[in-house]
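Following: one structure in structure tokens, then a few remarks.
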Amino acid sequence: MSRRVVVTGLGAITPIGNDVDSFWNGLKEKKVGIAPITYFDTTGYKATLAGEVKDFDAKKYMDPKAARRMELFSQYAVAAAKQALEDSGIDMEKEDPYMVGVSIGSGIGSMQAFEKEHKKLLEKGPSRVNPLLVPLMISNMAAGNVAIQFGLKGKNINVVTACASGTHCIGEAFRSIQYGEADVMAAGGAEASICPIGVAGFAALTALSSSEDPMTASRPFDENRDGFVMGEGSGVVILEELNHAVARGAKIYAEVVGYGATCDAYHITSPAEDGSGAARAMTNAIKDAGLQPADIDYINAHGTSTHHNDLFETKAIKLALGEHAYQVKINSTKSMIGHLLGAAGGVEFVACVKSIQDGFVHATAGLVNEGEGCDLDYTKGEGVKMDVNTALSNSLGFGGHNASILVKKYVG
């Protein structure tokens, strides 16, 4: 018999706020965290906007020496994990540290470290390359640093599936607890790739919006969408075995009840045109939860604002839910914060949990006129107060990776 898994802590570093309340209130208010890039000179770049994290001070979350040995994506992960652990009220002095694990993904790790040290290599030679380049750069260091900072000695993994990394990490943490490998997992994603090579690379792929208007650059499902806007940050949640949470008197936000993962096996960047892979991931999550398509109240879509994603994800939702697809509320958090790549699934899971807790589905900002084939209810205009019992979060990554996680209102 698999064990029940609940959410007991939330943490977020995002372009619209560096804690969960700021992030969630920003979503409710349709606050757009996209603006001209400040990290480098964008002259000559096709894309000049991004969702940068503002006013982040690593020293608020860790000692300065530890911060210096971490790149930004790891700092974001540690900050979000610290918030989530404090929110959960877990006392590590009372826990078996080998039963508290970490599953935090990053799609890329640190491009900045690579950029900086490659320049040094070319200009000054190999002896000048930072000895810490590799441990600063590699993507598993978000998970590694979180474990080191908080003494979490259990299962420690970093699922790297591009833009599906955060959702896969939460799903794999859920499975780890279900089957007794851990009692508690810090799970989610972290990313910080707004740098010259990151922006140039995605722009060369024609994946990024070339809009110069921050308010309409990220407009998922809109007829005038022209690509995604890169964002950064981290979303980390504490998942916990139900009896363990109850025994220590934890507050329970919601219950994780289903997880589905598939691959399109179709194309390195485009989702399958009929939406079959993403649909199967949703179907698997719904079956895993013992629910029916008609039980789904709300879907936090991957909703990147690229032509292919939004159209093919719409097809996938119709395939998975049938006629009920037209009754379900759908939105895209990326409309306000941009696309956080490997961190997207982490912050979007936080949005799903808050939607259940607050009884509110936020609007898809920037959506004015639905594009051809995009004919579902994407919460255009204003957010909606409604009872949310079940929320499904979708993430789709380059390579054809599909992940869906289903979270439900907790009933004891």
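Just so it is clear, the model here is predicted, and its values are computed rather than measured.
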Q: Let me see the working for Thr304 and Thr306 under side-chain hydrogen bond (donor to acceptor under 3.5 Å, both in side chains), right down to the final yes or no.
A: CA-CA 6 Å; Thr304 59; Thr306 63; 3.0 Å; yes
Q.
Before you tell me yes or no, could you show the steps for Arg248 and Glu240 under side-chain contact (heavy atoms from CB on, under 4.5 Å), namely the whole-Å CA-CA distance, both residues' side-chain angles and the distance that decides it to 0.1 Å?
A. CA-CA 11 Å; Arg248 66 178 189 84; Glu240 196 167 345; 2.7 Å; yes
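Using modelled atom types and a 3.5 Å distance limit, the side chains of Glu370 and Tyr378 yield no donor-acceptor pair. There is a side-chain donor-acceptor pair under 3.5 Å between Thr333 and His362.
The ring pair (Phe, Tyr, Trp, His ring centres under 6.0 Å) contacts involving residues 232-286 comprise nothing, where partners must be two or more places apart or lie in separate chains.
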Contacts table for residues 336-353: side-chain donor-acceptor under 3.5 angstrom, sequence neighbours left out:
residue	atom	partner	partner atom	Å
His339	ND1	Leu341	N	3.0
Glu348	OE1	Lys334	NZ	3.3
Glu348	OE2	Lys334	NZ	2.8

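To the nearest 0.5 Å, the span separating CG on Asp297 from CD on Gln327 amounts to 11.5 Å. Interatomic distance, Thr364 OG1 to Asn300 CG, rounded to the nearest 0.5 Å: 8.5 Å. The distance from the CE atom of Met70 to the CG atom of Asn145 is 4.0 Å, given to the nearest 0.5 Å. Between the OG atom in Ser234 and the CZ atom in Phe73 there is a gap of 10.5 Å [rounded to 0.5 Å].
Side-chain N or O atoms of Asn394 include none that pairs as donor or acceptor with a backbone N or O of Met282 at under 3.5 Å.
Paired with Cys374 under the rule side chain to side chain contact (heavy atoms under 4.5 Å, CB included), one option of Ile330, Thr314, Asp222, Asn369 passes, and it is Thr314.
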